[in-house]
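Single-structure report; data block below.
Excluded from the calculations below are hydrogen atoms, water molecules and symmetry mates; all remaining heavy atoms, backbone and side chain alike, are included.
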Amino acid sequence: MKFLKAMSVAEFKAQHNVEKIEVKRNEHTGKCFFVYGFETGACSRKVETGELTNPVISEVCSADTGDIFFLLHQKGEGGATTLATL
């Protein structure tokens, strides 16, 4: 998965003109997803396990399919180590 752009939850809501984001679980698959307006996005496993303490939303591209979608995940997830915050 290639991370294209990351933003805070507040930035995402402002950019997409929504007041709230709901995290839901598909009862058939057990997988979590988030809903913003009439759209949906994916959630990382940390959302499912309740380990999400510093959420961000990234625009990502699937390496397998080339699909571009939004992913709610823990800040710092994504294969890159934060060396500094300025």
Taking side-chain contact (heavy atoms from CB on, under 4.5 Å) as the test, write out the residues that go with Thr65, two or more places apart. Ser62, Asp67
Answer whether the closest heavy-atom distance between the side chains of Lys31 and Arg25 falls below 4.5 Å. no
How would you list all residue pairs meeting salt bridge (charged side-chain N to carboxylate O under 4.0 Å, His left out) that involve residues 9-20, not counting sequence neighbours? Lys20-Glu22
Identify, with sequence neighbours excluded, every residue that meets side chain to side chain donor-acceptor pair (under 3.5 Å) alongside Glu51. Thr49
Looking at residues at least two apart in the chain, or sitting in another chain, which of them share a side-chain contact (heavy atoms from CB on, under 4.5 Å) with Val47? Val23, Cys32, Cys43, Ser44, Leu52, Leu72
Apply side-chain contact (heavy atoms from CB on, under 4.5 Å) to Ala6 and list each qualifying residue two or more places apart in sequence or on a separate chain. Ser58
Taking the side chain as every heavy atom from C-beta outward, state whether Asn54 and Gln74 have any pair of such atoms under 4.5 Å apart. yes
Hey, what do you get for CD1 (Ile21) to CZ (Phe70), rounding to the nearest 0.5 Å? 10.0 Å
Are any of the side-chain heavy atoms of Met1 and Leu71 separated by less than 4.5 Å? yes
Linking Ile, Leu, Val, Met, Phe, Trp and Tyr through side-chain heavy atoms less than 4.5 Å apart, which residues share a cluster with Leu4? Ile68
Partner residues of Gln15 under the side-chain contact (heavy atoms from CB on, under 4.5 Å) criterion, sequence neighbours left out: Lys5, Met7
Go through the steps to decide whether His73 and Phe3 satisfy the test side chain to side chain contact (heavy atoms under 4.5 Å, CB included), and finish with yes or no. CA-CA 11 Å; His73 63 96; Phe3 285 73; 3.7 Å; yes
What ring-ring contact (aromatic ring centres under 6.0 Å, His included) pairs are there with at least one residue in residues 36-59, not counting sequence neighbours? Phe12-Tyr36, His16-Tyr36, Phe34-Tyr36
